[in-house]
Amino acid sequence: GRISLCHKIVTELKHYYNGFHLLWIETKVAARMVWRLLHGQVLTRRERRRLMRTCADLFRLVPFLVFVIVPFMEFLLPVFLKLFPEMLPSTFETESKKEEKQKKKLNAKLELAKFLQETIAEMAKRNKADTG
């Protein structure tokens with residue numbers, strides 16, 4: 001059981017690493033395009049589409065990061081506590097209190113992500129309307 005869990009974590013990490021690596025390359029390309037735009041050069045249609053896509057991806061990344069990093073930390077916390085039980089101060093709260101807090105935090109996160117996604121969708125709609 002333990003090996004498969006480690007394997008799952010490694011696979012997930014590789015997946016995220018590849019995604020971020022690609023996004024990093026796209027972002028570098030996009031930055032170069034913006035630089036060219038600022039210096040009065042004209043972008044081809046394809047380049048403009050690519051730039052728009054990269055910007056949209058970067059906007060999407062914000063709620064995505066909230067989802068990945070925070071739950072990932074919460075997911076790893078029990079693992080760390082199993083490995084290093086002395087990590088938590090003895091004055092720590094009971095389990096049920098902790099669970100209650102986590103549920104509240106999760107709900108708040110879901111609300112935030114929903115709000116961000118709606119905002120992004122709204123921006124996308126507006127962009128479409130502007131470009132015709």
Side-chain angles (χ1 to χ4, degrees):
R2 204 167 143 183
I3 292 171
S4 65
L5 178 68
C6 284
H7 180 72
K8 255 188 202 149
I9 293 175
V10 168
T11 310
E12 280 292 292
L13 284 177
K14 275 186 187 159
H15 173 71
Y16 288 126
Y17 171 77
N18 288 335
F20 279 117
H21 188 68
L22 277 173
L23 187 62
W24 171 243
I25 292 168
E26 287 289 316
T27 306
K28 281 200 300 193
V29 172
R32 231 172 278 145
M33 286 183 202
V34 170
W35 176 255
R36 281 170 43 202
L37 273 176
L38 292 176
H39 286 75
Q41 287 184 32
V42 180
L43 297 181
T44 64
R45 262 181 104 102
R46 214 174 94 217
E47 285 175 325
R48 234 189 6 246
R49 263 209 310 273
R50 192 171 174 184
L51 182 61
M52 294 280 282
R53 197 184 62 221
T54 306
C55 288
D57 283 345
L58 286 173
F59 272 120
R60 264 187 230 118
L61 190 65
V62 178
F64 177 72
L65 277 181
V66 172
F67 263 112
V68 171
I69 290 173
V70 181
F72 203 61
M73 295 294 186
E74 277 172 19
F75 165 68
L76 283 179
L77 187 64
V79 178
F80 279 117
L81 291 180
K82 282 249 184 337
L83 296 174
F84 314 103
E86 289 81 42
M87 202 170 83
L88 271 186
S90 57
T91 55
F92 222 72
E93 324 143 274
T94 60
E95 279 302 307
S96 59
K97 275 252 173 68
K98 227 163 45 183
E99 277 173 29
E100 226 170 88
K101 251 195 201 164
Q102 277 182 334
K103 271 186 196 150
K104 273 187 190 153
K105 267 198 330 209
L106 185 66
N107 281 340
K109 268 179 242 151
L110 288 171
E111 285 303 310
L112 174 70
K114 216 162 65 184
F115 168 73
L116 285 169
Q117 277 175 333
E118 281 166 12
T119 310
I120 290 160
E122 205 47 52
M123 281 166 48
K125 260 190 236 157
R126 226 171 276 154
N127 280 351
K128 273 201 185 112
D130 287 349
T131 53

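Note: K105 NZ to K109 NZ = 5.5 Å, rounded to the nearest 0.5 Å. The CE atom of M52 lies 12.0 Å from the CG atom of L43; values are rounded to the nearest 0.5 Å.
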Which side-chain N or O atoms in residues 113-121 pair as donor and acceptor under 3.5 Å with protein atoms at least two apart or in another chain?
unit_1	atom_1	unit_2	atom_2	d
T119	OG1	F115	O	2.7

All N/O donor-acceptor pairs, side-chain side in residues 20-35, below 3.5 Å, sequence neighbours left out:
unit_1	atom_1	unit_2	atom_2	d
E26	OE1	R50	NE	3.3
E26	OE1	R53	NH2	3.4
E26	OE1	T54	OG1	3.3
E26	OE2	R50	NH2	3.1
T27	OG1	L23	O	2.6

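For T11, the side chain to side chain contact (heavy atoms under 4.5 Å, CB included) partners two or more places apart in sequence, or in a different chain, are H7. Partners of K125 under the salt bridge (Lys or Arg N to Asp or Glu O under 4.0 Å) rule, at least two apart in sequence or in another chain, are E122.
Note on residues 33-44: pairs passing salt bridge (Lys or Arg N to Asp or Glu O under 4.0 Å), not counting sequence neighbours, are R36-E47.
Hydrophobic clustering, with ILVMFWY side chains joined whenever heavy atoms are under 4.5 angstrom apart, keeps I9 apart from Y17.
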